[in-house]
Protein chains: 2
Amino acid sequence: MKKVAVVEDEVYMREELCSILNKAGYAAFEVTTFENATEQLIALSPDLVILDLNLPETSGFQICRDFKRKTSIPILVLTSRDQMADELQALRLGADEYLTKPCRKERLLARIANTLKRYEGRTNLLEGKGFLLDRTTYTLYINNTSVVLPRNQGKLLEALLSAGEHLVTSEQLCIALWDTAEFIDENALHVNLTRLKKTMANLGMKQQVVTVRGLGYRLETENAP
Amino acid sequence: MKKVAVVEDEVYMREELCSILNKAGYAAFEVTTFENATEQLIALSPDLVILDLNLPETSGFQICRDFKRKTSIPILVLTSRDQMADELQALRLGADEYLTKPCRKERLLARIANTLKRYEGRTNLLEGKGFLLDRTTYTLYINNTSVVLPRNQGKLLEALLSAGEHLVTSEQLCIALWDTAEFIDENALHVNLTRLKKTMANLGMKQQVVTVRGLGYRLETENAP
DNA sequence: TCCCAACCTTACACCAACTGTAAGTGGTGT
DNA sequence: ACACCACTTACAGTTGGTGTAAGGTTGGGA
């Protein structure tokens, strides 16, 4: 059953929403304190967030941006603010839908279902500069096409990618590959790195693996020519 | 530059839209005859389609369904029909956005940008009941996880899926597998089908392969228990 | 009821792709 | 110039996908 988080300060509205969601077969969770709403949401890790914009103590916009920066969970903004500027702002900050109150429950449910559908399978995607990586299958999406990376190359790219563009030591990479660093096989690691570099180059990826002599490796974004 | 197709019968509206799109940095393409609109769209393969519902000779709903069955390109419905029933119907048939005319261009552009962003990397996904299939790599997305199908199983599932739930003959499946039906190897086909059935069962998929004796195969959706 | 064709299952052997090994090359700092 | 680290390449073992073939089931017509 899909989890939906409801971030709304007005009690009656919140309960009404939860009731609708539960009847429609979702598991609804209420967020009732807002100063650390983003952390609460991350801890809850729902499949979708319904977010009001007018909140006490903080702004819905703020939550929207913070949450989207850390997750790829969809956000549906449901608000009484009907100014276009608000809508544009919310969409720009990463909201996936923007509905204004009052909103009939059929429309709300249809939009929720629609949004969830489009996020199907998107849960395990890691985001790189100009590409996406599925951490489960190591399918790489780039330039409107996709390739399945060999397992080792996938693991390496995942390890590098989840470090942002920070340095990753050989040891960490060994653990990523073989779940142990006891008997580090530097050679095998280098071979696998070479292979990854080659396939990334062949795909024309914007990010490339850079070695930091004596320390480890990191991803680096190519400068525009 | 992203390609946007405009399916709209009213000349003034169409040109206006294209002008807005071009100014915003998209490459706009007009569709002006509608009886084979789906084929035209497929041939064009834009990054997004703007679709009117009231068209001569055919229905926007029809186009929406047909197009979504064959591609995973996003559709933004832009129509003067403001009845909720129309909106629900469009969303159910696979539309990604539903805007009613008149619509300010800022809102339209914001929604377009938003939709395109969320479709990044998803261009080759075929949609099944409760799962998605990447036609390039045969990565299967189901239940918040993903698996890469062996190539033959992927080809078979792709062939079955793109026929909706209609019948597919052995001959068609052979062509899908080996690009020829000259020397049909019924046996090898059956073995591959068995394998596909087994992996689908193991994944607990809602759709399953049903054989129609003497005619061929088709996908069937399991009834709820 | 029996029979035959269509279909399914299973096991096995071939083949392609990925992986680690190992030997040899390049390049960087002292 | 040397030592050390990093890279490249080739090769062989392993794994997993595929077609083949043989035997088992199913279903509809005589």
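The model shown is predicted, which means the values in this text are computed figures rather than measured ones.
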* How many Å lie between NE2 on B:His190 and C1' on C:dA5, as a whole number? -> 12 Å
* Take atom NZ of A:Lys198 and atom P of C:dC18, then tell me their distance rounded to the nearest Å. => 13 Å
* Not counting sequence neighbours, list each pair that qualifies as a salt bridge (Lys or Arg N to Asp or Glu O under 4.0 Å) and has a residue in residues 41-56 of chain B. => B:Asp52-B:Lys101
For [X], all residues meeting salt bridge (charged side-chain N to carboxylate O under 4.0 Å, His left out), sequence neighbours excluded:
X: B:Lys68; answer: B:Asp96
X: A:Glu127; answer: none
X: A:Glu35; answer: none

* Structure fact -> Once base and sugar-phosphate atoms are separated, protein heavy atoms under 4.0 Å mark nucleotides 20-25 of chain C, 5' to 3', with B, S and - as BBB---
* **Summary of side chain to side chain donor-acceptor pair (under 3.5 Å) pairs that have at least one residue in residues 86-95 of chain B, sequence neighbours excluded** => A:Arg107-B:Glu87, A:Arg111-B:Glu87, B:Arg81-B:Asp86, B:Gln89-B:Arg92
* **Results of side-chain contact (heavy atoms from CB on, under 4.5 Å) for B:Glu30 - residues two or more places apart only** => B:Arg14, B:Glu15, B:Cys18, B:Thr32
* To do: Check side-chain contact (heavy atoms from CB on, under 4.5 Å) between A:Gln62 and all other residues, then give those that pass, not counting sequence neighbours.
  => A:Thr58, A:Ser59, A:Arg65, A:Asp66
* When you list every nucleotide of DNA chain D with an atom under 4.0 Å from a heavy atom of chain B, which one comes first 5' to 3', and which comes last? -> D:dG17 to D:dG27
Atom pairs and distances, side-chain donor-acceptor, residues 198-205 of chain A, under 3.5 Å, sequence neighbours left out:
unit_1: A:Thr199; atom_1: OG1; unit_2: A:Gln153; atom_2: OE1; d: 3.1
unit_1: A:Thr199; atom_1: OG1; unit_2: A:Leu196; atom_2: O; d: 3.2

Show every donor-acceptor pair shorter than 3.5 Å between a side-chain atom in residues 161-170 of chain A and any protein atom, with sequence neighbours excluded, or say none if there are none.
unit_1: A:Ser162; atom_1: OG; unit_2: A:Glu158; atom_2: O; d: 3.0
unit_1: A:Ser162; atom_1: OG; unit_2: A:Ala159; atom_2: O; d: 3.3
unit_1: A:Glu165; atom_1: OE2; unit_2: A:Gln207; atom_2: NE2; d: 2.7
unit_1: A:Glu165; atom_1: OE2; unit_2: A:Thr221; atom_2: OG1; d: 2.5
unit_1: A:Thr169; atom_1: OG1; unit_2: A:Gln172; atom_2: N; d: 3.1
unit_1: A:Thr169; atom_1: OG1; unit_2: A:Gln172; atom_2: OE1; d: 3.3

* **Any donor-acceptor N/O pair, B:Ser72 side chain to B:Leu125 backbone, under 3.5 Å** => yes
* Under 4.0 angstrom, heavy atoms only, what part of the nucleic acid is A:Thr194 near: base, sugar-phosphate, or nothing? -> base
For nucleotides 27-30 of chain C, print each protein N/O atom paired with a nucleotide N/O atom at under 3.5 Å, atom names and distance only.
unit_1: C:dG27; atom_1: N2; unit_2: A:Arg213; atom_2: NH2; d: 3.0

